[in-house]
Amino acid sequence: MRFALKPGHVVLLLFFIAAALLPLFVDPRGHLLRVAAMALLFAAMAQSWNIVGGLANQISLGHAAFFGLGAYTSTLLFLRLGISPWIGMLAGAMVAGIAAALLSVPTFRLKGHYFALATLAFAEVLRVIANSWADLSGGPVGLTVPFLGTQPLSFAFRAVSSYYWIILALLVIVCVVFYVLAHGAMGYRLRAVRENEAAAEVAGVNTFRVKLVASVISAALTAMCGTVFAQFTFFFDPDSIFSLSGISVRMAMIAIVGGLGTLGGPIIGALFLIPLEEVANAYLSSRAAGLSQLVFGLILIAAILIQPRGIMAFFPKSRVKTPPKAQPATEGARG
Amino acid sequence: MIQALVDGILLGGVYGVISTGLSLVFGVLGVVNFAHAEFLMLGMYVAWFAWRMLGLDPLLGSVLSFIIVFAVGYGVQRLLIQRVLKAPPAAQVFLTVGLMIVIENAALIAFGSDFRSVSVPYQVEGYRLAGIFISAPYLYAFIAAVVLSLALWLFLERSWSGRAIRAVAQDPMASTLVGVDTKRTYGFAFGLGVGLTAFGGAVILPYITVSPTVGGQFVVLMFTVVVLGGLGSVTGALVGGLVVGIVQSMSALFFPIQLQNLFLFVIFIAVLALRPQGLIKGA
């Protein structure tokens, strides 16, 4: 892997620097910073999803499962055993990684629609369990992270800016992992699997292992986002954290609207969609419940019809790497 | 035990009809319609308004549901789905997911979040047969489902349009060559698929209340049914519906009610993993 600084990377680097300086110029406890932090968190989530969805072309509709596992693991460890959420974050990443590995066994042969269906069902299973096994999860009322003031060792801060920087750091980590995966030997294997799985297998790529590694890494990073989300918002419940449209679809949508399989895509997608949603919520929610969600769905439809390769495709220099190829609709088994 | 079996069959017949459309759409268009359950919800609302404003029994209103939702489905297919038929699965999946979000929230805006139900004279009635209680609304819904299934079968087997649908499902190119308008047939098949679901939604209205989020209760159920029967197979979906109905009412004997769905999910993932072509080999 040779590192060559391209214009796109300079833009990304400048973006990270600008983002890091943002809290110095806006109200450190203000609403604007909260929205910015949320946008960066969703960028990190979408980038994690992008590892499986963009590089391996396995469309997951169940990443809320790993997100929720991260949030639940760290919060339960903290509430029940007093273990710091920092350690809980790593534990959550491990739990999600193991869950992803277990899920890979029955689903690795599935493609396209079938994979999407299986992952969707997996997240729904966890949602049902979290709702009904109240002794473990706290049930449908959800969990509240206690407010502790500023205790850095317990992942608790008074200022929004502290969370903001942590989220930014997480985003940088996820982006670096994505870059390394996309450009290293692993990236070639993943792309080989994406373009033609049978050919990749013949050429000596262990397709199962490649997909397994990608999904475990993706799940672990998603779980870390889940922990940060729990600490940042102080509250979550099964229906919101394992939500299909709220988490699973949104992660994928951000990556798709930004540019599937590209490094900058999830960031652009999140910076475009999350503030837009915030504005829509502020102006439309008062008019009618559901209006902002309706707009959200319309954007998703429009994005797919207008430019399925995402916003990144509009930048000529960014060189969108091998756009996902059309696959024959006959894949998998048909009745 | 026999009681649970009977309940399961009555439920399962309806599950079959609401899921058949999903299978039909996949079989013909090759698209998994994640918004399918939302059309069930639309069908329920049509039947509810028909009952409220025209005094129509939902069993009759179901015909209205079928016609209106068929028209909506035809339009949706021609305007939206048609454009992604040759696109990668990601585009198809997210187009229908977007559609799901749009329909659900449009319903929320239009109808509010209230739960609505109908009251019909036979709602709490039932028949007693050799010690088994058969609830009237479940029985009528089942009969309606069976009638519609037979009609669908006759339509697909005997009518020109039905043959055209089957022909396009097998080979769009060859069908075009022998004079089938494939685009119209796709629209027709999609309309038919969602119309069937709307019909099913209407006939269960006497025992299930309708709200904008009612689709969510059925979405995994539908997918389990069609995956059991083999995606794309119409008869498979009908049999799959019966199996799921029986499994559901049997499992209610042994497991708490919240875990009923869990049971379905587990079957669903297991079938996907082990036999993605479906358990039942069908047409």
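The figures here come from the full heavy-atom set of this structure, side chains too, leaving out hydrogens, waters and symmetry mates. Letters A, B, ... mirror the listed sequences (proteins, then strands); counts begin at 1.
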**Request:** Answer with side chain, backbone, both or neither: which region of B/Val84 has an atom nearer than 4.5 Å to a non-hydrogen atom of chain A?
**Result:** side chain
**Item:** Option in A/Ile59, A/Leu298, A/Leu294 with maximal non-hydrogen atom pairs under 4.5 Å from chain B
**Value:** A/Leu294
**Message:** Nearest 0.5 Å, please: how far is CD1 in A/Ile304 from CZ in B/Arg83?
**Reply:** 13.0 Å
**Prompt:** Taking only residues two or more places apart in sequence, or in another chain, which ones meet A/Phe236 in a ring pair (Phe, Tyr, Trp, His ring centres under 6.0 Å)?
**Reply:** A/Tyr72
**B/Gln170 atom CD: more than 12 heavy-atom contacts under 6.0 Å** = no
**Request:** Output all residues satisfying salt bridge (charged side-chain N to carboxylate O under 4.0 Å, His left out) with B/Glu104, sequence neighbours left out; order by chain, then residue number.
**Result:** none
**Request:** Mind checking salt bridge (charged side-chain N to carboxylate O under 4.0 Å, His left out) for A/Arg250 and listing every partner two or more places apart, or none if nothing turns up?
**Result:** A/Glu277
**Asked** Which answer fits B/Ile103, side chain, backbone, both or neither, if we ask what part of it has an atom under 4.5 Å from a heavy atom of chain A?
**Response** neither
**Prompt:** Can you find a pair of side-chain heavy atoms, one from B/Phe94 and one from A/Val257, that are under 4.5 Å apart?
**Reply:** no
**Asked** Crowded around B/Phe115 CZ? As in, over 12 foreign heavy atoms under 6.0 Å?
**Response** no
**Complete:** Filtered by a 4.5 Å non-hydrogen cutoff, the part of residues 184-194 of chain B contacting chain A is none
**Item:** Side chain to side chain, B/Phe34 and A/Leu120, heavy atoms closer than 4.5 Å
**Value:** yes
**Prompt:** Within a strict 4.5 Å, meaning less than it, do heavy atoms of the A/Leu300 and B/Val102 side chains meet?
**Reply:** no
